Amino acid sequence: MKYFKLPDLGEGLPEAEILEWHVNVGDQVAEDQLLVSVETAKAVIEVPSPQSGVIAHLFGEEGDSIHTGEPLVEFLTDDDDDSGTVVGQLA
């Protein structure tokens with residue numbers, strides 16, 4: 001799993017309110033695709049995806065406040081599908 005944390009949205013504002021999610025758990029997203037609209041004390045900001053992948057978890061619901069640096073989205077990674085491999089010989 002890989003976490004995308006709420007970035008500093010400018011001027012050191014400590015938090016933002018989630019206005020609208022544009023994705024759902026299980027969605028395949030592309031890099032730069034719109035994930036969520038948030039509102040800070042100064043502006044409404046649309047936050048794009050930093051990577052391509054599948055959404056595993058959304059942190060917070062519409063109306064919730066989230067602090068800068070807290071997880072916003074969790075992505076499934078290729079390693080999450082790893083069934084395990086054996087290196088060397090089995091005895």
Side-chain angles (χ1 to χ4, degrees):
M1 302 285 181
K2 182 174 181 179
Y3 295 95
F4 172 53
K5 298 177 181 178
L6 182 67
D8 182 350
L9 299 173
E11 300 184 30
L13 296 170
E15 66 182 11
E17 179 183 335
I18 297 170
L19 294 179
E20 180 182 4
W21 284 106
H22 301 284
V23 295
N24 295 299
V25 171
D27 286 356
Q28 174 73 42
V29 298
E31 185 174 354
D32 294 327
Q33 180 178 335
L34 182 59
L35 292 177
V36 64
S37 296
V38 297
E39 183 174 22
T40 68
K42 298 193 177 212
V44 172
I45 300 168
E46 296 182 335
V47 180
S49 179
Q51 68 178 59
S52 297
V54 176
I55 303 294
H57 187 78
L58 302 175
F59 292 89
E61 297 180 16
E62 293 174 3
D64 289 350
S65 290
I66 188 163
H67 291 88
T68 299
E70 289 183 340
L72 186 61
V73 174
E74 182 178 17
F75 290 96
L76 289 174
T77 62
D78 291 337
D79 296 338
D80 296 330
D81 295 331
D82 187 7
S83 59
T85 55
V86 176
V87 178
Q89 295 181 340
L90 292 174

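Please read all numbers here as calculations on a predicted model, not as lab measurements. Below, each value reflects all heavy atoms present in this structure, side chains not excepted, and no hydrogens, waters or symmetry copies. Just so you know, residue 1 is the first one in the sequence shown, and it goes up from there.
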J.: Can you give me every donor-acceptor pair (side chain of residues 20-27, partner residue at least two apart or in another chain, under 3.5 Å) with its distance?
T.:
{"from": "Trp21", "atom 1": "NE1", "to": "Gly60", "atom 2": "O", "distance (Å)": "3.0"}
{"from": "His22", "atom 1": "NE2", "to": "Ser37", "atom 2": "OG", "distance (Å)": "2.8"}
{"from": "Asp27", "atom 1": "OD2", "to": "Asn24", "atom 2": "N", "distance (Å)": "2.7"}

J.: From Thr68 OG1 over to Leu6 CG, what is the distance, rounded to the nearest 0.5 angstrom?
T.: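 The CG atom of Leu6 is 5.0 Å from OG1 of Thr68, to the nearest 0.5 Å.
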J.: How close do Lys5 and Gly69 get, counting heavy atoms only, and between which atoms?
T.: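 Closest approach of Lys5 to Gly69: CD-O, 3.1 Å.
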J.: Write down the atom of Ala56, the atom of Met1, and the distance for their closest heavy-atom approach.
T.: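 Scanning both residues completely, I find the closest heavy atoms to be CB-SD, 3.9 Å.
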J.: Mind checking whether Phe4 and Leu13 sit in one hydrophobic cluster, side chains of I, L, V, M, F, W, Y counted as touching below 4.5 Å?
T.: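 Phe4 does not cluster with Leu13.
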J.: Which residues pass the side-chain contact (heavy atoms from CB on, under 4.5 Å) test with Phe59, not counting sequence neighbours?
T.: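 Result, side-chain contact (heavy atoms from CB on, under 4.5 Å) vs Phe59: Tyr3, His57, Pro71, Glu74.
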J.: Scan for salt bridge (charged side-chain N to carboxylate O under 4.0 Å, His left out) pairs involving residues 58-68, sequence neighbours excluded, and state none if there are none.
T.: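 For residues 58-68, and leaving out neighbouring residues, there are no salt bridge (charged side-chain N to carboxylate O under 4.0 Å, His left out) pairs at all.
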J.: Rounded to the nearest 0.5 Å, how far apart are OG of Ser52 and CD of Gln33?
T.: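 Reported value, rounded in 0.5 Å steps: 8.5 Å.
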J.: Mind checking ring pair (Phe, Tyr, Trp, His ring centres under 6.0 Å) for His67 and listing every partner two or more places apart, or none if nothing turns up?
T.: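 Per chain and number, His67 pairs via ring pair (Phe, Tyr, Trp, His ring centres under 6.0 Å) with no residue.
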J.: If every non-hydrogen atom of Glu15 is compared with every non-hydrogen atom of Ser65, which pair is closest and at what distance?
T.: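 Smallest heavy-atom distance, with atoms named: OE1-CB, 4.1 Å.
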J.: If you measure from CG on Leu72 to CG on Leu58, what distance do you get to the nearest 0.5 Å?
T.: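 If I round to the nearest 0.5 Å, the distance is 8.0 Å.
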J.: Is Leu35 linked to Ile66 within one hydrophobic cluster, defined over Ile, Leu, Val, Met, Phe, Trp and Tyr using a side-chain heavy-atom separation of less than 4.5 Å?
T.: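 Same hydrophobic cluster.
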J.: For residues 38-49, tabulate all N or O donor-acceptor pairs below 3.5 Å that involve a side-chain atom, not counting sequence neighbours.
T.:
{"from": "Thr40", "atom 1": "OG1", "to": "Lys42", "atom 2": "N", "distance (Å)": "3.1"}
{"from": "Thr40", "atom 1": "OG1", "to": "Ala43", "atom 2": "N", "distance (Å)": "3.1"}
{"from": "Thr40", "atom 1": "OG1", "to": "Ala43", "atom 2": "O", "distance (Å)": "3.3"}
{"from": "Lys42", "atom 1": "NZ", "to": "Glu11", "atom 2": "OE1", "distance (Å)": "2.7"}
{"from": "Ser49", "atom 1": "OG", "to": "Gln51", "atom 2": "N", "distance (Å)": "3.3"}
{"from": "Ser49", "atom 1": "OG", "to": "Gln51", "atom 2": "O", "distance (Å)": "2.5"}

J.: Taking C-beta and beyond as the side chain, do Val29 and Val54 meet within less than 4.5 Å on heavy atoms?
T.: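 No - every pair of side-chain heavy atoms lies 4.5 Å or more apart.
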J.: With Pro14, which residues qualify under side-chain contact (heavy atoms from CB on, under 4.5 Å), at least two apart?
T.: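 Listed in chain order: nothing, the list is empty.
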